[in-house]
Amino acid sequence: MGIIVQKFGGTSVADSEKILSAARKAVAAQEQGNQVVMVVSAMGKNTDMLVDLAQQINTRPPAREMDMLLSTGEQVSVALMAMAIHSLGAQAVSLTGAQIGIRTDSSHTRARIQSIPTDRMRQLLDENKIVIAAGFQGIDENFNITTLGRGGSDLTAVALAAVLKADACEIYTDVDGVYTTDPRILPDARKVSQISYDEMLELASLGAGVLHSRSVEFAKRYGVTIHVRHSFSEAPGSLVVAESESPTQAVGGAAVTKNESLVSIKDIPDQPGTSLTIFEKIANENITVDMIVQNIGLDGKANISFTVLDDDLAVTQDAVRKALDHLGSGQLECRQDVSKVSVVGLGMAQQTGVADHMFRTLAAAGVNIQMITTSEIKISVLVERERAEESLRLVHDAFSLQTAPPDAQTKDIGGSTESDIAEVASDLVGMEGLRVDDVLLDESQGRITISQIPDRPGVAAHVFENIAAENIFVDMIVQSDGSDGQASLSFTVPRNQLDAAFRVAESLLKDMDGAIATSSLEVAKLSIAGIGMRSHTGVAIRSFQSLAGEGINVEMVNTSEVRINLVIDGNAAEQGLQALSSAFADVLQKKATESNTP
Ligand code: ASP
Ligand code: MG
């Protein structure tokens, strides 16, 4: 007995038959003694149709009016759903976002939820009514209708589950759960019994997820268990919770982003603030940059490579050209024949031998790795686009993702929403604001760099197999794009293993025509960890700005959904930590709690 939130996506309410079938699920849940809140999307492709209609009238429609228009799709669905419930002999009341009082900021077409009152919903539930909430919409302080971004009904469902402290948040969709990779690309993909928020966030942002990224961030923030399941089946689906499926498994999922473009900028001045100038220009265009690799050339000039989605390439090129004009030097090269293949897993943070296994798998098939970046829970490589799907399959096989791990676990669903309303209410930045949990300094690692590595398959595999053979734990890895023979490979290891790692690197140089190895004890790793690190734009920029402001050069960077890692000169460790802490003071949870206590 408790509150159940059931969300039905567009395909699950595409026609009257399907609406009735969804209504039966809700009535059944009520008959089992639950209070039921339904969240519904627009029918079928209705939202797309409305977008199209707007385009026919105005190719640049005002965002406010887009929201006014798009919110009608869900309004149709909730009314019909309420009628369906009544036809089954139960009672229901439909509510728009505004009628519930879902308050958002005013960024039309991608508004963020700030607060949700529960009184009206609770009263209706206590009167034994099924509450039918329109997904994807809210209202700002001036009573303007807002929408939460495409796919935002998932977010409405999770948010309602959080504020109502629901016992379950069921997302009904046209797939029966979360898969180890996109089953449309790889039929071998396996449905998982459960997946962690962080893994799901990485996969969702890689385009492999069935859930909206912000809904997963929201669920993580407020401890909502999400149950993804098929609309037309009774079978259990997949749970999205804090823990991964298997406590011992290194990799839980894999993904390919085919439409990545590689942007390489060579011969820019090696000074703090150079990359900032470039990234600021790109961020001003609202473009998210991925797989950032910078390296210091041997001649005092620096190179930067990163990836953006194909659709963003043209605008990115313009922005970079402007930045280069400003800097007075640098060459730009772009390639579109590349794709990103990633593996994700909470378990890899505790295990060695994950990266080299991935690299060896690709090398054995003759796939050249053009770029590498790793975070605590993700390894991404850039490969030739023509071999991207094959690479995904190889990697998926290599980590046996098609087979359920022997120690697979599934969390109990009942009573599992751990949301703390006090916390919800005191969250001054709004329920979806950027939240930084920690700014961390790690001075326990050193860095090895191998410059001028050859651009051919197997180099990274060779290096990391030999490192692993010495039982050296590798943390961050970055490899820059090697198309001009100037690629370099940097990685960090514990300081007490730096000498051993350097000896390994040196012993490998003879196989790497002309490569040069260097090592440095004097590096510091700074990390910013939290929620919304990538869904909020400008977080990486803010950290670059604060370091550049102190004249600190960033030697290695990695960004993920939950963390930004920056390796800097070890002599500037404390200064860098201070700079980052003050740059994020407004959203840093620790400080906020400290200043709240008298
Ligand atoms: N109807 C909206 C969309 O198509 C919201 C949703 O379905 O989640 O994006
Ligand atoms: Mg959806």
Side-chain angles (χ1 to χ4, degrees), residues 202 206 250-251 254-257 260-264 289-295 303-307 335 338-345 348-349 352-385 387-388 391-392 394-395 398-399 447-468 472-493 501 505 508 512 515 517 525 554-560 563 565-567:
E202 297 295 351
L206 295 167
V251 173
V256 61
T257 316
E260 296 263 323
S261 292
L262 173 62
V263 179
S264 300
V289 167
D290 191 22
M291 286 190 85
I292 305 171
V293 181
Q294 335 196 25
N295 61 57
N303 302 329
I304 300 178
S305 320
F306 55 87
T307 59
R335 296 177 50 186
V338 291
S339 297
K340 179 176 68 172
V341 175
S342 307
V343 296
V344 171
M348 74 173 72
T352 51
V354 184
D356 57 286
H357 188 41
M358 175 171 182
F359 302 156
R360 173 52 66 197
T361 302
L362 295 172
V367 175
N368 191 24
I369 298 175
Q370 305 189 8
M371 224 167 140
I372 305 171
T373 61
T374 70
S375 74
E376 281 70 9
I377 63 162
K378 181 174 70 178
I379 304 169
S380 294
V381 300
L382 205 65
V383 301
E384 196 187 333
R385 192 169 291 181
R387 306 198 64 182
S391 300
L392 176 73
L394 290 166
V395 167
F399 290 103
R447 171 179 51 76
I448 304 277
T449 297
I450 310 178
S451 314
Q452 295 175 3
I453 57 165
D455 182 28
R456 62 166 183 252
V459 175
H462 190 50
V463 170
F464 292 106
E465 274 169 356
N466 281 279
I467 293 284
I472 297 170
F473 190 88
V474 176
D475 180 17
M476 263 172 94
I477 303 173
V478 301
Q479 181 200 297
S480 62
D481 108 82
S483 43
D484 61 354
Q486 293 294 312
S488 74
L489 177 63
S490 295
F491 54 96
T492 62
V493 298
L508 300 176
M512 293 197 276
K525 178 180 169 191
V554 176
E555 300 181 6
M556 288 166 80
V557 195
N558 172 271
T559 63
S560 74
R563 211 170 156 112
N565 295 312
L566 304 143
V567 173

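Any value given below was found using the heavy atoms of this structure, including those in side chains, with hydrogens, waters and symmetry copies removed. Because the structure is predicted, anything quoted here is derived from the model rather than measured.
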Using every non-hydrogen atom in the two residues, find where [X] and [Y] come nearest and quote the distance to one decimal.
| X | Y | result |
| --- | --- | --- |
| Asp481 | Ser305 | OD2-OG, 3.4 Å |
| Val493 | Ala501 | CG2-CB, 4.0 Å |
| Ser339 | Glu260 | CA-CB, 4.5 Å |
| Ala388 | Val383 | CA-CG2, 4.0 Å |
| Ser380 | Met291 | O-CE, 3.6 Å |
| Val293 | Ile372 | CG2-O, 4.0 Å |

**Q.** Intermediate values then yes/no, side-chain contact (heavy atoms from CB on, under 4.5 Å), Asn368 and Glu384
**A.** CA-CA 7 Å; Asn368 191 24; Glu384 196 187 333; over 6 Å; no
Q | Intermediate values then yes/no, side-chain contact (heavy atoms from CB on, under 4.5 Å), Thr374 and Met348 | A | CA-CA 11 Å; Thr374 70; Met348 74 173 72; over 6 Å; no
What's the separation between atom [atom1] in [X] and atom [atom2] in [Y], rounded to the nearest 0.5 Å?
| X | Y | atom1 | atom2 | result |
| --- | --- | --- | --- | --- |
| Leu382 | Gln479 | CG | CD | 10.0 Å |
| Met476 | Asn558 | CE | CG | 5.5 Å |
| Arg456 | His462 | CZ | NE2 | 9.0 Å |
| Phe464 | Leu489 | CZ | CG | 4.5 Å |
| Leu362 | Leu392 | CG | CG | 10.0 Å |
| Met556 | Phe491 | CE | CZ | 9.0 Å |

Q: Apply side-chain contact (heavy atoms from CB on, under 4.5 Å) to Glu202 and Ser342, showing your working.
A: CA-CA 9 Å; Glu202 297 295 351; Ser342 307; over 6 Å; no
Q | Distance-only side-chain donor-acceptor flag, Ser451 / Ser488, under 3.5 Å | A |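 No, because no side-chain N or O of Ser451 sits under 3.5 Å from a partner of the opposite role on Ser488.
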Just by modelled atom types, is the [Y] backbone N or O under 3.5 Å from a matching donor or acceptor in the [X] side chain?
| X | Y | answer |
| --- | --- | --- |
| Arg335 | Ser264 | no |
| Arg387 | Ala365 | yes |
| His357 | Ala398 | yes |

Q) Would you call Pro454 and Val459 a side-chain contact if the rule is heavy atoms closer than 4.5 Å? A) yes
Q.
One pair to check against side-chain contact (heavy atoms from CB on, under 4.5 Å): Phe359 and Val381. What are the steps and the verdict?
A. CA-CA 9 Å; Phe359 302 156; Val381 300; 3.8 Å; yes
